[in-house]
Structures are given as structure tokens and as C-alpha cells.
Amino acid sequence: MNMDITPLKDWGLPIDKMFLIAGPCSAETEEQVLETARALADDGVSIMRAGIWKPRTRPGSFEGVGLKGLAWLDRARQETGLKVCTEVAEPAHVEACLEFNIDMVWIGARTTPNPFAIQALADALKGVDIPVLVKNPVNADIGLWVGALERIHNAGINKLGVIHRGFSSTREMVYRNNPNWKIPIEFKRKFPQVPMVCDPSHICGDSKLIFGVAQEAMDLLYDGLMVEVHPNPPEAWSDAKQQLTPAQLMEMMAQLNLSHEESESRDFQQRMEQLRREVDGLDNQLLDALSSRMNIVREMGRLKREQNVSTLQPHRWNEIVQDRVEKGANLSLSNDFVLELMQAVHEEAIRQQEADRIAGSN
Ligand code: PEP
Ligand code: MN
């Protein structure tokens, strides 16, 4: 579906160099909300976040202050001039936010994958003119992310954007959530008109790692950042480990390097053109090599079928993985990359052998 999205500059929000949203994971007390708002406003930040209803994985942890927090946000907005936003998960949340003049809402990562919840939110948002940001679903499924966006768009919301907050993973990782950059990159390729913000706080889960992920988002041309900021992070009622102080946020923003998609320099353009032609040539060689490899694989498939030998030979596959990962490491290619590459090649080899087996059996 071709979505009609209002360009970020026309959202009626104060967006200067980038779309920066900062504020605590959760609104805790009126003092904490106002203290954060004042510090952010003094630092020139103009959009504040704070969770009022918190989707927690397990019951019993702090689930947000609820309705009273909206009055605190409204007060922060009036006192400092900040725009304020919060997470909505149910139609009643949307209605309450409108009542308290909340300037923007976002949909959380646990709500996005649920089409019933999203449809109910879309119905509640009909005729409403505030921007809506949709976080990626917790699972790495681009279809659910797009589907949620389409439901909200069908309700007549055109000030629509997305937040990349990473994906849950069972793999050992330094991050709390796997950034899985290829998913937001693919999203951007398909929907270049949809503003995209990175939430490094929920990707990292650790305040020390946030700068690197925020910088990577800038290098990938994201429109902005949503960063969790708390006046006293160790004492925060939720996500204590990943929140920055307002001063740390300022330090990070000063260090972030913002790049452009293009350069006017003729030298740069010519040199890039040469290098791109080299890359094109190498990609062609890669495709030719893969195609030759697949032809051999199909011949092996014919031999296996004749002898009633299985498509998968676990020993051989294990040898390939170990050998290629080791060779890759000697060529400065990461283990994960070589493993994923070989898995993709092997999956296609199996698919082709199986397709031939089925075609042959007709
Ligand atoms: C949050 O923004 O505090 C939050 C709960 O995030 P997510 O939906 O990304 O887990
Ligand atoms: Mn949080």
C-alpha cells in the first residue's frame, strides 16, 4: 500500500537538527516529571517522553502511575513549553491523552504485533490530528510492523512515523535487544517517506552503550532519536540501567556526528563512482559464482536421488560451516556474517534440490 505520510517538517513539532525525543522511561512523581522537563527545556530539548501506562513483561513490577501522570505532563508542557508524548495501548489511553492535550503518542513494541489491539487503537484515533509513532514489534517481523502502520494510516493518520527499538533475541548479546539493522534498513528502502527514529535506550539496555547505537542510527540517516533520560537514573522505577542524566544526554548530542546522504565535492563523486563500479563488478562475480555453485548442487541432487540419499548430510554441512567460518576469520569477515551467509546459501541449495525432487516425482 502506498501510504500518504506528512513530511516531518509539517508535523507542527519543533524539530531542529533532528527529531529528538527525551525523557524518563516512566513518569514517577510530579516532581520527577517537572524536574526532568525543566532540565530538558534548559538544554534546548523540545519534545519530552514519559510512560504513564507501562507494559511490563511480568506482573508485579511497576506498571505506571496511570491517569494522574497525564496531568503532570500537561503541567510540564504548560510550564516549560515542551511538547509531550506517551505510550498508548488501549482506546481509553488515547481518549485520556486527548483530554490532557498530549502532543504525540507512540505505540509500544508489545502492542504493535497484535492486530486486534492496533485496530482498536486505530478506531480510537479516527479524526485525531496528533502524530503517532509505531515502535517495531518485539519479534523481528517487518510485516507486522507495516501492518500496524497501515491500520493507523487507514484511520486517517498521516503524521505517522516509526521507532526502531530492537528485537528480542535468545542469542547471547551485549545488547538488551538485537538492533538487527537489516530490518529497519529494509523498512526504509520500502517506505522512504516514513520518518524513522531510533530508540538506543531499549536496544542497549545499558547507558554506557547508547552513544555507539545512536551514532550508528545517524550514520544510517535516521530522522531522530528517542532517548530515556532521568534526573537520577539509578533510582528510576523502571529501566534504571539504561537511562541517561540530562547532562549525559547533552554530552552525547554534542559528540554525535551528523552526516549527509550526498556530497557536492566532484572529487568525492568521481572516486565514489569508480569504487561503486568495482563493487558492482565484484557483486556480479559473486552472483556468477553462486549460480555456478547452485548448478553443481543440483547435479549432486540428481546423484542423491538416484541413490536414495538424503538431501541433508549433517556431517558435510558441519564441515562446510567450520571451514568457511575459519577461512572467513582469516579474511577479516566476522563469524556471524560468514555463518549467516553460508546458512542462506545452504538454504537455497536445499530448496533447489527439493524443488527438483518434487518436480522429478511428478
Ligand atoms: C518504553 O518506551 O519505555 C517501552 C516500554 O518501550 P518498548 O515498547 O520499546 O519496550
Ligand atoms: Mn523504558
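In listed order, ligands and their atoms are each counted from 1.
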Practice problem: Name the closest protein heavy atom to atom 9 (O) of ligand 1, giving the residue it belongs to and the distance to 0.1 Å. | Solution: R165 NE, 2.6 Å
Quiz item: Distance from L70 atom CG to D74 atom CG, nearest 0.5 Å?
Solution: 8.5 Å
Exercise. Of the side chain and backbone of E228, name the one, both, or neither that has a heavy atom under 4.0 Å from an atom of ligand 1.
Key: side chain
Practice problem: Identify the two heavy atoms, one from L73 and one from C85, that lie closest to each other, and give their separation to 0.1 Å. | Solution: CD1-O, 4.3 Å
Quiz item: Does a sphere of radius 6.0 Å around CD in Q270 hold more than 12 heavy atoms from other residues, nucleotides or ligands, not counting ones at 6.0 Å or beyond?
Solution: yes
Quiz item: Just by distance, do the side chain of D223 and the backbone of V197 share a donor-acceptor pair under 3.5 Å?
Solution: no
Quiz item: Does K54 reach ligand 1, in the sense of a heavy atom lying below 4.0 Å from it?
Solution: yes
Quiz item: For ligand 1, which atoms have a heavy atom of R49 less than 4.0 angstrom away?
Solution: 1 (C), 2 (O), 3 (O)
Quiz item: Quick one: nearest non-hydrogen protein atom to atom 6 (O) of ligand 1, plus distance?
Solution: K135 NZ, 2.9 Å
Quiz item: What's the spacing between Q242 CD and R176 CZ if we round to 0.5 Å?
Solution: 4.5 Å
Exercise. Going by heavy-atom distance to atom 8 (O) of ligand 1, choose the closest among A109, S26, C25, G51.
Key: A109
Quiz item: Got the closest protein heavy atom to atom 4 (C) of ligand 1, with its distance?
Solution: H202 NE2, 3.5 Å
Exercise. Would you check whether R110 has a nitrogen or oxygen atom less than 3.5 angstrom from a nitrogen or oxygen atom of ligand 1?
Key: yes
Self-check item: Flag, side chain of N158 to backbone of D4, donor-acceptor distance under 3.5 Å
Solution: yes
Practice problem: Restricting to N/O/S, name the atom of H202 that gets closest to the Mn ion (ligand 2). | Solution: NE2
Practice problem: Please determine if D199 has a nitrogen or oxygen closer than 3.5 Å to a nitrogen or oxygen of ligand 1. | Solution: no
Practice problem: Report, in ascending order of atom number, the atoms of ligand 1 lying under 4.0 Å from any heavy atom of G108. | Solution: 8 (O)
Quiz item: Can you tell me the N, O or S atom of D239 that's nearest the Mn ion (ligand 2)?
Solution: OD2
Exercise. Have a look at E228 and say which of its N, O or S atoms is nearest the Mn ion (ligand 2).
Key: OE2
Quiz item: N/O of E87 under 3.5 Å from N/O of ligand 1, yes or no?
Solution: no
Practice problem: State whether the side chain of N177 and the backbone N or O of H202 hold a donor-acceptor pair below 3.5 Å, judged by distance alone. | Solution: yes
